Amino acid sequence: MRCRWVVVDGNSLAVRLRALPFEVRQYLLITGNYWAFTLTDGALRMLVVLHFHQLGYSPLEVALLFLFYEAFGVVTNLVGGWLGARLGLNRTMNLGLGLQIVALAMLMVPATALTVPWVMAAQALSGIAKDLNKMSAKSAVKVLVPKDSPSAGSALYRWVAILTGSKNALKGAGFFLGGLLLTLIGFRGAVIAMAVMLVGVLALSLVRLKAHLGRQKRKPKFTEVFSSSKAINVLSAARLCLFASRDVWFVVALPVFLYDQHGWSHWTVGGLLAIWVIGYGGVQTQAPRLTGLVKGGARGVTAFWALLLAGLPALLALLPLAEVGWLVAGLLAFGVLFAVNSSWHSYLIVHYARADGVSMDVGFYYMANAMGRLLGTLLSGWVYQVHGLAACLWISSALVAASALMALALPREAA
C-alpha cells in the first residue's frame, strides 16, 4: 500500500494568522509576549516567598525581599512611559524581557551566595522588567485598536479586559508552577528552566514585533510624564489604594498563614493562589458584561464596585480564620469583586490617556499601581508579624473604602 502525504494549505495555522489584520497579529504577539513574562513572574514570586520562608526568614524579612521589586516599579513606570514615547513600545517590551532573563540568571548562583542584598538586587531588576513589559503591553492596545470604528470604546474595553484577564490567569498558573517546580526540581532548577523559556520568547519578539510602535513624532520632555489630567490623577490615587488593599493580606500574610497555621505544603499553597488568580483573570475577561449592568458613568460604576468590595475583608476578619473553609470562600469572593474593579480601572486609564503619548499617561498610572503594591507588600509582612491576618483584613477594607471615596471625584460622563 502506498502512503500518501496530504498537504494542508489554506487551513494551516500560519496561513490563518497571516490572513488576520496587521493590528490583530501585533496584538496577539504582544499578548503572547506578556503571557510568557507573566508566567515566570508569578512563578518567581511564589518561589521566593516559599523558599526563603522555608530557610527560616520571618514574614517581614520575606516582604523586604520584594522591597526593591515594588520600589523600582514606581520609578520604572515613570521612566518607562517616557522611553516608550521616545523609543517605541516594542523596544521597552523587549528590554523588559531581557532584564527578566538577567534577574533569573542572578538567582542561579549557589545557595550560599543567595544573600538578602543579592536577592533584593535580583528582585529589583525583575520589578523593572515587569513594569516595562506591562506598561508596553497596555499602552500598545490603545495604539492598535482601530479608532474610526463607531464601537471603538467598547472594542478598547474588550481588548484591555482580554489582555488583563488572560495575563492574570497566567500569573495564577505561575503561582502553581512556582510551588510545583520548587517541590520537583528545587529553586535553582526552576530558575534555569524559566530563563531558557524567556530567551526563546525574546528572540521571537525581536524578529516579529513592529518597530517604533507607539513612538511619538516629537521627543517629549521627561516632565510631561506627570499628568495634568484630573481624571488620571484621581484614578491613579484610587488604583494605589485598591492594589494596596489586595497585597496587604495576599502577598505575604496569606501564604505564610496557610503554611504555618494550617500546615499546608508548598505546592498546596501555590495551587490555591493559582486557582484564585486564574479565576480572577477569567472574571476580568467578563468585566465588560458585569460593569454594563450598573449605570452612572465612570464615577458611579467605579464607586459602586469599590464599595461592594470594601465590605468583604471586614466580614472575613470577623469570621473564625481557624476554619480554613471560611478563609478560602472569602478569598474567592474577594477575587471576583476585585477582578471587576481592576479590569474597569485598567479600561478607564487607557480610555482617559492621550492618543499621542499614551505610554506616559499609562506609565504614570501604573506608577501609582506600583506604589500601592509596595505599600501593601510592606504592610503585609509587618502587620501580619505583629498583629496577625485579621488586622491585615481590616486594613484592606479601609483601603478599598478610600478608593471608593476617591472615585467620586472622577468625571460624570460615561466612559
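The shown structure was predicted, so the numbers you read here are calculated from the model rather than taken from an experiment. Along the sequence shown, the residues carry numbers beginning at 1.
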**Contact list for residues 195-204, test salt bridge (charged side-chain N to carboxylate O under 4.0 Å, His left out), sequence neighbours left out** = none

**Item:** Heavy-atom check, side chain of Phe187 versus side chain of Leu107, under 4.5 Å
**Value:** yes

**Item:** Residues forming a side chain to side chain donor-acceptor pair (under 3.5 Å) with Asn369, sequence neighbours excluded
**Value:** Arg239

**Prompt:** Does Pro110 have any side-chain contact (heavy atoms from CB on, under 4.5 Å) partners at least two apart in sequence or in another chain, and if so, which?
**Reply:** Thr112

**Item:** Spacing of Leu254 atom CG and Leu327 atom CG [to the nearest 0.5 Å]
**Value:** 5.5 Å

**Request:** Could you grab the distance from atom OG of Ser236 to atom CE of Met371, nearest 0.5 Å is fine?
**Result:** 10.5 Å

**Complete:** Residues at least two apart in sequence or cross-chain that pass side-chain contact (heavy atoms from CB on, under 4.5 Å) with Ala314, listed by chain then number, are Trp394, Ser397

**Request:** Please identify each residue that fulfils side chain to side chain donor-acceptor pair (under 3.5 Å) with Thr38, with sequence neighbours left out.
**Result:** none

**Within residues 369-397 or reaching into it, pairs that qualify as salt bridge (charged side-chain N to carboxylate O under 4.0 Å, His left out) - sequence neighbours excluded** = Glu70-Arg373, Asp131-Arg373

**Asked** Leu378 versus Trp382: any side-chain heavy-atom pair under 4.5 Å?
**Response** no

**Request:** To the nearest 0.5 angstrom, please state how far the CG atom of Leu99 sits from the CG atom of Leu198.
**Result:** 11.5 Å

**Item:** Distance in Å, Leu39 CG paired with Leu44 CG, rounded so as to fall on 0.5 Å steps
**Value:** 11.5 Å

**Asked** Would you say Leu240 and Met406 make side-chain contact, with heavy atoms under 4.5 Å?
**Response** no

**Request:** Find the distance between CG (Leu258) and CG (Leu272) and round it off to the nearest 0.5 Å.
**Result:** 6.5 Å

**Message:** Determine whether a donor-acceptor pair (N or O, by modelled atom type, separation under 3.5 Å) exists between the side chain of Asp247 and the backbone of Thr377.
**Reply:** no

**Fill in**
Residues passing the ring-ring contact (aromatic ring centres under 6.0 Å, His included) test with Trp276, sequence neighbours excluded, are Phe250, Tyr280

**Item:** Residues which pass side-chain contact (heavy atoms from CB on, under 4.5 Å) with Val283, listed by chain and number, not counting sequence neighbours
**Value:** Leu290, Val336, Ala339, Val340

**Message:** Going by side-chain contact (heavy atoms from CB on, under 4.5 Å), name the residues that satisfy it together with Leu308, two or more places apart in sequence or in a different chain.
**Reply:** Phe304, Trp305, Leu337

**Message:** Main chain of Cys392, side chain of Ser396: is a donor-acceptor contact present, judged purely on distance under 3.5 Å?
**Reply:** no

Please tabulate, for side-chain N and O atoms in residues 113-129, each donor-acceptor pair with protein atoms closer than 3.5 Å (sequence neighbours left out).
{"from": "Thr115", "atom 1": "OG1", "to": "Trp118", "atom 2": "N", "distance (Å)": "3.4"}
{"from": "Trp118", "atom 1": "NE1", "to": "Met106", "atom 2": "O", "distance (Å)": "2.6"}
{"from": "Ser126", "atom 1": "OG", "to": "Gln100", "atom 2": "OE1", "distance (Å)": "2.8"}

**Request:** Assign the ring pair Trp344 / Tyr347 to parallel, tilted or perpendicular, where the plane angle (0 to 90°) is split at 30° and 60°.
**Result:** tilted

